[in-house]
Number of protein chains: 2
Amino acid sequence: MTQSPSTSAPATAQDGPLPRQRRTYSIGELAKMFEVTTRTIRFYEQEGLLAPERRGQTRIYDEKDRVRLKLTLRGKRLGFSLAEIREVVMMYDAMPDGNRRQLRRLIEILTDKRRNMERQLEDIRLMQLELDDVERRAREVLASLGDSD
Amino acid sequence: MTQSPSTSAPATAQDGPLPRQRRTYSIGELAKMFEVTTRTIRFYEQEGLLAPERRGQTRIYDEKDRVRLKLTLRGKRLGFSLAEIREVVMMYDAMPDGNRRQLRRLIEILTDKRRNMERQLEDIRLMQLELDDVERRAREVLASLGDSD
DNA sequence: GCCGAGGTTTACGTTAACGTAAAGGTCTTG
DNA sequence: CAAGACCTTTACGTTAACGTAAACCTCGGC
């Protein structure tokens with residue numbers, strides 16, 4: 001299958017209106033899309049963060065999988081471990097029939113993450129000031145280098 | 001030395017005005033202050049991020065060291081590797097007598113970090129929205145649990 | 001004089017998050 | 001039908017950032 005935005009099926013004429021967003025993806029497509037390796041994606045599955053369907057051996061990812069991968073990678077960029085991400089993701093999935101204790105626990109976790117975000121915001125603000133400062137100084141020194149060097 | 005905010009010296013009466021902020025810290029003090037282990041602090045030194053003085057064997061940290069540790073930990077929280085942090089820190093130190101190439105390189109790195117910060121800001125914004133959403137749903141489900149369970 | 005609370009070095013262990021390699025299956029295109 | 005371009009599993013390797021343990025020094029107080 002030498003590339004070709006994989007639609008789920010050839011779609012015969014009588015299929016009628018496609019069942020709302022029936023797009024699917026191969027592992028390679030997702031990998032390119034998010035600039036990660038296929039290894040990474042398989043690893044995330046192994047860690048319980050993804051659960052694509054299979055056509056034979058081959059993994060078939062749908063829109064939901066893509067979104068989940070996107071969220072996972074975003075979480076990673078923010079310094080969350082895969083375990084943390086999985087915890088939220090799994091609880092989110094189990095929500096509909098979750099009991100009180102689980103739901104409260106979920107909300108607790110979310111509150112915690114939010115605190116984390118707040119701190120990061122502050123860290124970023126401070127770090128930006130630092131960077132500004134360092135760059136300003138660097139430019140000063142650079143400017144003062146009339147001809148020497 | 002059963003704890004006692006280590007001042008550098010007993011400071012005899014004739015010392016005159018203390019040479020601007022002469023406070024020093026033991027490794028244990030810093031560890032508590034930043035909630036890390038002493039192992040971590042020694043490790044950072046080994047990685048070239050700190051270079052405290054020695055009184056005999058013992059490490060003596062001053063204000064500059066403390067600030068550097070603070071910045072290092074902040075960088076870590078933002079997902080920078082120690083190598084990245086060291087790169088900036090070392091270039092910053094070498095700045096005064098840095099040549100053009102080095103300075104330009106430093107500015108380049110800073111610009112890169114800044115882009116990183118921008119992305120993180122966006123990521124946080126999005127993540128906060130996600131968290132809001134998940135929590136809202138969780139509370140809904142929780143509220144709908146009149147008496148069952 | 002020794003005990004406890006600090007400090008030190010050396011060195012091996014651990015964990016997360018993949019990388020990398022081998023060996024093989026399945027299309028499809030020249 | 002052979003060559004690519006994909007996909008698969010299995011399994012060992014790697015790196016960063018410490019943790020943990022052992023064995024030691026040193027001071028101030030009782």
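So you know, we letter chains A, B, ... as the sequences are listed, proteins then strands, and number each from 1. None of these values were measured; they are calculated from a predicted model.
Comparing A/Gly28 and B/Ser81, the nucleotide of DNA chain D nearest to each residue sits closer to the 5' end for A/Gly28.
Listed by chain and number, the residues in a salt bridge (charged side-chain N to carboxylate O under 4.0 Å, His left out) with A/Arg136 are A/Asp133, A/Glu140 (sequence neighbours excluded). Checked against side chain to side chain contact (heavy atoms under 4.5 Å, CB included), A/Arg114 has the following partners two or more places apart in sequence or in another chain: A/Leu110, B/Leu131, B/Asp132, B/Glu135. By the side-chain hydrogen bond (donor to acceptor under 3.5 Å, both in side chains) test, B/Thr37 is found to be paired with B/Thr40, residues two or more places apart in sequence or in another chain being considered.
Residue A/Thr37 has no polar side-chain atom (N or O) positioned under 4.0 Å from OP1 or OP2 of C/dC18. The shortest distance between the side-chain N/O atoms of B/Tyr44 and the OP1/OP2 oxygens of D/dA17 is not below 4.0 Å. For the pair B/Ser26 and C/dG6, the criterion of a side-chain N or O lying under 4.0 Å from OP1 or OP2 is not met. Within the structure, every side-chain polar atom (N or O) of B/Thr40 is placed at least 4.0 Å from both OP1 and OP2 of D/dA17.
Distance B/Gln46 CD to D/dC18 P: 12 Å, rounded to the nearest Å. Distance OH (B/Tyr25) to P (C/dG7): 15 Å, rounded to an integer number of Å. Distance CD1 (B/Ile41) to C1' (C/dT9): 17 Å, rounded to an integer number of Å. A/Lys32 has its NZ atom 11 Å from the C1' atom of D/dC6, to the nearest Å. Going from atom CZ of A/Arg55 over to atom P of C/dC27 covers 11 Å, rounded to whole Å.
Considering all non-hydrogen atoms of both residues, B/Pro52 and B/Ile60 come closest at CB-O, 3.5 Å.
As a member of the Ile/Leu/Val/Met/Phe/Trp/Tyr network built from side-chain separations under 4.5 Å, A/Leu126 groups with nothing else and remains a singleton.
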Under 3.5 Å, which donor-acceptor pairs link side chains of residues 83-96 of chain B to any protein atom two or more places apart or in another chain?
unit_1, atom_1, unit_2, atom_2, d
B/Glu84, OE1, B/Ser81, N, 2.9
B/Glu84, OE2, B/Lys113, NZ, 3.2
B/Arg86, NH1, B/Glu47, O, 2.9
B/Glu87, OE2, B/Arg105, NH2, 3.2
B/Asp93, OD1, B/Arg68, NH2, 2.9
B/Asp93, OD2, B/Arg68, NH2, 2.5

Reading nucleotides 8-13 of chain D 5' to 3', which nucleotides get B (base under 4.0 Å from a protein heavy atom), which S (sugar-phosphate only), which -? BB-B--

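Picking from D/dA17, D/dG19, D/dC7 the nucleotide with the shortest atom distance to the side chain of B/Lys76 gives D/dA17.
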